Asks: 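Please read through the structure below; I'll follow up with questions.
Model, not experiment: these values are computed from the prediction.
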Amino acid sequence: MLSVSFNNSRRIKMYTPQNPISGLLRLCIGRPITFIFLFVPVIVGLLLSRNFDSGTVATIQHTANVYQQEICGAIPISYAFDDGYESVYDKAFPILQKLNKEHDLNITATSYVITGKVGTEGHMTLIQLIELYNNGWEIGSHTVTHPELVDIDDKQLQKEIADSKKWLEVEGFEVFTIASPYGLYDERVVDVMKQHYYGNRTTELGLNDIPLKNPTEDLYRLKTVFFEGDMTLEEIKAWVDKAFAEGKFLIISFHRVDDIHKVEGEAKLYTTDIEEFEELTRYVLSKAQNYNIGCTDSMPTDLPPLPLK
Ligand SMILES: [Zn+2]
């Protein structure tokens, strides 16, 4: 049987840009001196403090470990935030950090960023992404420009899928998974993804088997449940119950997290209420109390070459 093992994030002790010095210099160029004195030590501190414990709520990269392994009691639930909105950093991240402190855990999540939008209005900056990453988050690709991948030509497809990864890698992130914009993919799209990633999160509704029945294919068709729009808190809790009851892997996806009463127009459809986000996470943790959180720490660390065979 194929053994797909994912890099155990506990082993990634430091944020390691391909060229950390030039990366920092680039951050400093053109910045006021106060920026350099205030932020560079913060960044260096973050670089040195990258330290993880896996939890029941972990990154898709991290929980992907369990596909081929004994699940040793922990039911994995991953949070994925699409498009790299600022509210992920401003609203969701502080809540997870608060709960981590309360429960002495390290809940992490995956942020799927549109690399062409990093630092633009309403989206997270590179520095914010680095902070998430250094707190154990996975930074995954959501392509360069968020096109409908099934409708673009081969050359463009290659660019969207490969260049977004390359961009993230140059900035120092290790990249494992991608999420196809609008959940759109076909065999041609999957074939290109297989050259560059260990998984693709789609928007297909459902739970994922542990282990996956056909990993080399199923990893590129990971199902999810979006907690936004019409999905109520009770309904998403029922999905959590189902994952625990059936021993399956649940990826809960989001776009923005905010006070829903302050959001207007179409954005409301893609916003999860901040109080409900916290309540959901507390619910997941209460469900997980009887499980051995953290047992995925001993997972193997060798990554097989791509494409997976
Ligand atoms: Zn998207």
Side-chain angles (χ1 to χ4, degrees), residues 57 59-60 77-97 107-126 128-129 132 137-151 160 164 168 177-185 189 199-208 221-240 250-284:
V57 184
T59 63
I60 291 170
I77 292 185
S78 286
Y79 284 177
F81 297 89
D82 284 16
D83 300 354
Y85 289 114
E86 220 167 18
S87 66
V88 175
Y89 179 85
D90 291 342
K91 306 281 165 58
F93 178 52
I95 286 176
L96 296 184
Q97 291 300 82
I107 302 168
T108 55
T110 297
S111 170
Y112 285 118
V113 299
I114 306 161
T115 57
K117 292 224 166 150
V118 172
T120 62
E121 205 192 335
H123 295 83
M124 285 185 277
T125 65
L126 181 58
Q128 289 169 335
L129 291 174
L132 296 182
W137 284 48
E138 174 186 8
I139 307 300
S141 165
H142 200 35
T143 72
V144 181
T145 67
H146 206 276
E148 298 188 356
L149 294 177
V150 293
D151 284 343
E160 291 286 347
S164 53
L168 288 167
T177 67
I178 185 169
S180 44
Y182 316 104
L184 293 171
Y185 65 95
V189 171
N200 169 41
R201 199 227 57 210
T202 69
T203 55
E204 205 178 310
L205 184 80
L207 300 168
N208 301 285
R221 294 166 180 82
L222 292 172
K223 295 173 194 163
T224 189
V225 181
F226 275 85
F227 178 33
E228 60 189 17
D230 293 337
M231 175 76 62
T232 66
L233 183 60
E234 291 317 306
E235 283 168 342
I236 193 71
K237 281 181 177 175
W239 276 102
V240 173
L250 167 62
I251 300 171
I252 304 175
S253 296
F254 313 84
H255 286 90
R256 308 161 194 250
V257 175
D258 216 328
D259 179 349
I260 196 81
H261 308 292
K262 290 187 184 156
V263 182
E264 289 181 351
E266 212 192 321
K268 232 182 167 102
L269 294 173
Y270 304 101
T271 304
T272 306
D273 182 61
I274 190 162
E275 280 183 17
E276 294 200 342
F277 176 76
E278 179 167 347
E279 202 181 324
L280 168 67
T281 309
R282 287 187 186 279
Y283 184 72
V284 170

Asks: For P94, what residues pass the side-chain contact (heavy atoms from CB on, under 4.5 Å) criterion, not counting sequence neighbours?
Replies: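 In terms of side-chain contact (heavy atoms from CB on, under 4.5 Å), with neighbours along the sequence ignored, P94 is linked to no residue.
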
Asks: Locate the shortest heavy-atom distance separating L126 from V118; write the atom from each residue and the value.
Replies: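 Residues L126 and V118, closest heavy atoms: N-CG1, 3.7 Å.
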
Asks: Answer yes when E86 and R256 have at least one side-chain N-carboxylate O distance shorter than 4.0 Å, and no when they do not.
Replies: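 No.
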
Asks: What heavy-atom pair brings I252 and I77 nearest, and what distance separates the two atoms?
Replies: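 Result for this residue pair: CD1-CG2, 4.0 Å.
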
Asks: Tell me yes or no: between the side chains of S141 and S164, is some donor less than 3.5 Å from an acceptor?
Replies: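 Judged by distance alone, the side chains do pair up.
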
Asks: Of all residues at least two apart in sequence or in a different chain, which pass the side-chain contact (heavy atoms from CB on, under 4.5 Å) check with E264?
Replies: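 side-chain contact (heavy atoms from CB on, under 4.5 Å) list for E264, sorted by chain: empty.
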
Asks: Sequence neighbours left out, what passes salt bridge (Lys or Arg N to Asp or Glu O under 4.0 Å) with D83? Give chain and number order.
Replies: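 Applying salt bridge (Lys or Arg N to Asp or Glu O under 4.0 Å) to D83 gives none.
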
Asks: Of all the heavy-atom pairs spanning M124 and Q128, show the shortest one and how long it is.
Replies: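 Shortest heavy-atom contact: CA-OE1, 3.2 Å.
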
Asks: State, with a plain yes or no, whether a side-chain heavy atom of F81 is found less than 4.5 Å away from one of Y112.
Replies: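 They are not in side-chain contact.
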
Asks: Identify the two heavy atoms, one from L149 and one from P181, that lie closest to each other, and give their separation to 0.1 Å.
Replies: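 The answer is CD1-CD, 3.9 Å.
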
Asks: Applying side chain to side chain contact (heavy atoms under 4.5 Å, CB included), run through V240 and L250 and close with a yes or a no.
Replies: CA-CA 7 Å; V240 173; L250 167 62; 4.0 Å; yes

Asks: Output yes when a side-chain donor or acceptor of E275 lies under 3.5 Å from a complementary backbone atom of D259, and no otherwise.
Replies: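 Not at all, since once roles are kept as given, no pair shorter than 3.5 Å links the two residues.
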
Asks: Could you tell me which residues satisfy ring-ring contact (aromatic ring centres under 6.0 Å, His included) with Y182, sequence neighbours excluded, listed by chain and number?
Replies: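 Y182 satisfies ring-ring contact (aromatic ring centres under 6.0 Å, His included) with H146 once adjacent residues are dropped.
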
Asks: What residues form a side-chain hydrogen bond (donor to acceptor under 3.5 Å, both in side chains) with T202, not counting sequence neighbours?
Replies: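 Testing T202 for side-chain hydrogen bond (donor to acceptor under 3.5 Å, both in side chains), a comparison that skips the adjacent residues, returns none.
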
Asks: So L96 and T108, side chain to side chain contact (heavy atoms under 4.5 Å, CB included) or not? Walk me through it.
Replies: CA-CA 8 Å; L96 296 184; T108 55; over 6 Å; no

Asks: Nearest 0.5 Å, please: how far is OG1 in T271 from NE2 in H261?
Replies: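 OG1 of T271 is found 12.0 Å from NE2 of H261.
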
Asks: Check the angle between the aromatic planes of Y79 and F277 and answer parallel, tilted or perpendicular using the 30° and 60° thresholds.
Replies: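 Y79 vs F277 ring planes: tilted.
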
Asks: Residues two or more places apart in sequence or in another chain: which of them pass side-chain hydrogen bond (donor to acceptor under 3.5 Å, both in side chains) with Q97?
Replies: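 By the side-chain hydrogen bond (donor to acceptor under 3.5 Å, both in side chains) rule, Q97 matches N100, N135.
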
Asks: Ignoring hydrogens, what is the shortest heavy-atom contact between Y283 and K237? Give both atom names and the distance.
Replies: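 Closest approach of Y283 to K237: CD2-CG, 3.6 Å.
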
Asks: What verdict does the side chain to side chain contact (heavy atoms under 4.5 Å, CB included) test give for L205 and W239, after you've listed the backbone C-alpha separation in whole Å, the side-chain angles of each residue and the deciding distance to 0.1 Å?
Replies: CA-CA 11 Å; L205 184 80; W239 276 102; 3.9 Å; yes

Asks: Do E138 and T177 have a side chain donor and acceptor closer than 3.5 Å?
Replies: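 Yes, a side-chain donor-acceptor pair sits under 3.5 Å.
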
Asks: Excluding sequence neighbours, so at least two apart, what forms ring-ring contact (aromatic ring centres under 6.0 Å, His included) with Y85?
Replies: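 For Y85, the residues satisfying ring-ring contact (aromatic ring centres under 6.0 Å, His included) (neighbours in sequence not counted) are H123.
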
Asks: Between NZ of K223 and CG of N208, what distance do you get to the nearest 0.5 Å?
Replies: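 CG of N208 is found 6.5 Å from NZ of K223.
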
Asks: Between T281 and E278, does the side chain to side chain contact (heavy atoms under 4.5 Å, CB included) criterion hold? Intermediate values first, please.
Replies: CA-CA 5 Å; T281 309; E278 179 167 347; 5.8 Å; no

Asks: For K117, which residues count as a salt bridge (Lys or Arg N to Asp or Glu O under 4.0 Å) partner, sequence neighbours excluded?
Replies: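 Applying salt bridge (Lys or Arg N to Asp or Glu O under 4.0 Å) to K117 gives none.
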
Asks: Excluding sequence neighbours, so at least two apart, what forms side-chain hydrogen bond (donor to acceptor under 3.5 Å, both in side chains) with E148?
Replies: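 Scan of E148 (side-chain hydrogen bond (donor to acceptor under 3.5 Å, both in side chains), adjacent residues dropped) gives none.
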
Asks: Between S111 and L129, what is the shortest heavy-atom contact and its length?
Replies: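 Heavy atoms of S111 and L129 come nearest at OG-CD2, 4.2 Å.
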
Asks: Nearest 0.5 Å, please: how far is CD in E276 from CD in E279?
Replies: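 Taking CD in E279 and CD in E276, the distance rounds to 7.0 Å.
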
Asks: Indicate yes or no for a side-chain donor-acceptor contact from D273 to the backbone of I260 under 3.5 Å, with no hydrogens or angles considered.
Replies: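 Answer holds: yes.
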
Asks: Taking side-chain contact (heavy atoms from CB on, under 4.5 Å) as the definition, give me every residue that meets it alongside T203, ordered by chain and number, with sequence neighbours left out.
Replies: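 Partners of T203 under the side-chain contact (heavy atoms from CB on, under 4.5 Å) test: R201, F226.
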
Asks: Is there a donor-acceptor contact under 3.5 Å from the side chain of T224 to the main chain of I251?
Replies: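 The answer is yes, because a donor-acceptor pair under 3.5 Å joins these two groups.
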
Asks: Without hydrogens or angle criteria, can the side chains of E160 and T145 be said to hold a donor-acceptor pair below 3.5 Å?
Replies: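 Looking only at side-chain atoms, T145 and E160 do form a donor-acceptor pair, the distance falling under 3.5 Å.
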
Asks: Are side-chain heavy atoms of V263 and Y270 found at a separation under 4.5 Å?
Replies: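 No - every pair of side-chain heavy atoms lies 4.5 Å or more apart.
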
Asks: Is it the case that the side chain of H142 and the backbone of A179 share a donor-acceptor pair, with hydrogens and angles ignored and the cut-off at 3.5 Å?
Replies: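 Judged by distance alone, yes, a pair lies under 3.5 Å.
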
Asks: When you compare the side chain of E204 with that of Y185, does any pair of heavy atoms fall below 4.5 Å?
Replies: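 In short, these two side chains touch, coming nearer than 4.5 Å.
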
Asks: What residues form a side-chain contact (heavy atoms from CB on, under 4.5 Å) with K91, not counting sequence neighbours?
Replies: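 Scan of K91 (side-chain contact (heavy atoms from CB on, under 4.5 Å), adjacent residues dropped) gives S87, V257, D258, I274.
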
Asks: Name all residues meeting the ring-ring contact (aromatic ring centres under 6.0 Å, His included) criterion together with F93; count only those two or more places apart in sequence or in a different chain, and write none if there are none.
Replies: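 ring-ring contact (aromatic ring centres under 6.0 Å, His included) check on F93 returns Y89, W137.
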
